[in-house]
Amino acid sequence: MSILPNIFVAMGILVGATSLVAAWQIRREGDDRAAGRMLGLAPWLTAPWLVAGLVAAPWATWLGVVLLTALGILLLLVLPPWGRSAPAPDPGGPACLDERDTMFSRAEISPGSDRFDAYYDRRPASREPDDAWRERPGLLSPDAALHDPIQFGAAEATFETVTALHPLVEGEPAAERRELDPAAASRFLTHWARKLGARDARVTELRPHHCYTVGGRGDRYDEPVDLDHGWALALTVEMDKEAVDHAPAGPVVMESAQQYLASGAIAVQLAILIRRLGWRARAHIDGNYQVCCPLVARDAGLGEIGRMGLLMTPDLGPRVRLAVVTCDLPLAASARRGDATVADFCRLCEKCADVCPSAAIPRGEAVEVDGVRRWQIDQVACFGLWCEVGTDCARCVQSCPYSHSDSWLHRPVRWLIGRSRPARWLALRADDLVYGRRPASREVADWRRTG
Ligand code: SF4
Ligand code: SF4
């Protein structure tokens with residue numbers, strides 16, 4: 001007697017059980033709609049195997065053989081490392097990063113002030129688009145479309161707490177200097193950062209393209225940046241998935257603020273520690289940067305820069321916040337990853353460009369900007385949307401396939417898309433099928449509402 005029918009039935013049970021467990025896990029991760037879709041797919045994935053195994057007819061056996069062959073071809077496509085490329089070459093960075101060009105700096109200059117006039121004399125093309133978002137209510141404004149008094153109030157309270165850390169970002173080092181082995185110092189600081197709550201922490205040499213050339217915030221405005229530290233430790237903290245899934249509603253700006261605080265507190269704590277060892281150190285935290293954190297983090301090997309212009313980490317994608325500590329304590333650089341598969345996935349994906357309400361994220365290939373090949377988002381359009389809704393939106397972060405939970409369900413997919421181009425293509429199709437091409441925002445949880 002042929003064992004083929006038994007194999008087909010066993011495959012049916014395996015596929016059915018896997019689909020049901022996947023649906024259960026997706027529901028646990030909080031996406032009821034995607035869980036429902038997965039549940040709806042289960043009978044379609046299971047039935048052909050069961051028919052092939054349970055119907056005693058030659059055509060049913062042939063159906064089973066076709067299914068087995070298709071499965072074999074699929075495994076051959078996704079398992080071997082087709083498309084696992086060599087590390088991407090070091091992309092470097094722009095020759096000149098002027099903090100006064102960032103949207104937060106532009107938002108700080110008051111119309112009619114000397115700074116305002118000087119800025120738009122220098123950048124006349126920015127005047128008209130900037131005037132357009134200045135007419136909108138503004139980030140965390142009571143008149144913004146998504147204003148909620150307690151959610152916006154919670155975010156403002158957290159940003160105020162971050163500002164309270166600013167006086168601690170710099171300071172005088174202790175008079176007595178402790179000499180440390182660079183590798184041991186790096187190992188201690190990166191492990192300690194993780195113990196303090198960082199998701200990951202790595203070290204790079206501080207390079208000229210990491211640093212702003214001129215300050216653009218507060219009393220650092222117009223001040224040349226002269227950061228002569230040799231080393232930088234970059235760290236990430238995870239943004240809560242449930243909060244990000246509410247994007248663009250208020251919980252997302254609460255979460256951004258909270259993780260700026262968490263990352264900032266760790267960076268300040270590390271900087272103080274290094275200064276107590278007698279070395280100069282500066283924390284770079286929200287509202288008080290002298291470096292561009294995503295570039296430092298990329299060069300330290302924490303991830304790659306994706307289509308939406310944010311750092312894409314291997315296990316949480318862009319669902320992180322960053323902080324950096326620079327210092328002259330000699331450290332040992334972590335290996336740069338240079339994972340070219342992230343850019344390849346972004347080339348196929350374009351999901352963030354599809355969901356972006358302000359059409360700020362470019363489609364198509366990366367282009368050369370300031371000597372670096374990358375995707376450049378329209379920061380004026382993005383910030384204009386923030387000024388309309390009052391939050392930092394984050395629909396792009398919410399919808400990115402890399403932002404899924406770091407769970408047993410998504411880890412094998414991340415592993416496969418890191419080694420095989422066909423797997424990247426298939427994973428994207430599956431993501432569209434289960435989560436949707438434009439994943440819906442999650443209903444704001446009751447505990448976050450007061451009205
Ligand atoms: S949504 Fe897609 S294209 Fe956009 S950053 Fe994420 S992976 Fe890249
Ligand atoms: S934050 Fe919102 S507006 Fe800005 S790029 Fe992302 S999706 Fe677009």
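As the structure lists them, so they are numbered: ligands from 1, and atoms in each ligand from 1.
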Which heavy atom of the protein is the closest neighbour of atom 7 (S) of ligand 2, given with residue, atom name and distance? C396 N, 3.4 Å

One should read off an interatomic distance between R414 CZ and F345 CZ, to the nearest 0.5 angstrom, of 10.0 Å

Strictly distance-based, threshold 3.5 Å: is any side-chain N or O of R411 a donor or acceptor partner for the main-chain N or O of D406? yes

Looking at every non-hydrogen atom in both residues, tell me the closest pair between C393 and A247 and how far apart they are. O-CB, 3.1 Å

Which residue supplies the protein heavy atom nearest to atom 8 (Fe) of ligand 2, what is that atom called, and how far is it? C356 SG, 2.3 Å

Is it the side chain (CB and beyond), the backbone, both or neither of I361 that lies under 4.0 Å from ligand 2, heavy atoms counted? side chain

Determine, stepwise, if the pair R363 / D354 fulfils salt bridge (charged side-chain N to carboxylate O under 4.0 Å, His left out). CA-CA 9 Å; R363 297 173 187 282; D354 279 357; 2.6 Å; yes

I'd like to know whether ligand 2 has W386 as a neighbour, heavy-atom separation below 4.0 Å. yes

Quick one: do R217 and D222 make a salt bridge, cutoff under 4.0 Å? no

Atom 2 (Fe) of ligand 2 [closest protein heavy-atom partner, distance rounded to 0.1 Å]: C393 SG, 2.3 Å

Which residue and atom name correspond to the protein heavy atom nearest atom 4 (Fe) of ligand 2, and how close is it? C382 SG, 2.4 Å

Test salt bridge (charged side-chain N to carboxylate O under 4.0 Å, His left out) on D344 and R347; report intermediate values, then the result. CA-CA 5 Å; D344 191 48; R347 236 174 260 129; 3.2 Å; yes

Answer yes or no: is there an ion pair linking E255 with R319, defined by an N-O contact shorter than 4.0 Å? no

Can you tell me how far apart CZ (R115) and OG (S110) are? Round to the nearest 0.5 Å. 9.0 Å

Once the angle between the rings of W133 and F383 is folded into 0 to 90°, is it parallel (under 30°), tilted (30 to 60°) or perpendicular (over 60°)? perpendicular

For ligand 2, is any non-hydrogen atom under 4.0 Å from A394's backbone (N, CA, C, O), its side chain (CB onward), both, or neither? backbone

For atom 3 (S) of ligand 2, the protein heavy atom that lies nearest, with its residue and separation: S358 OG, 3.3 Å

Protein-derived N, O or S atoms lying under 2.8 Å from atom 8 (Fe) of ligand 1, waters excluded: 1

Distance-minimising heavy-atom pair for V324 and A267: O-CB, 4.1 Å

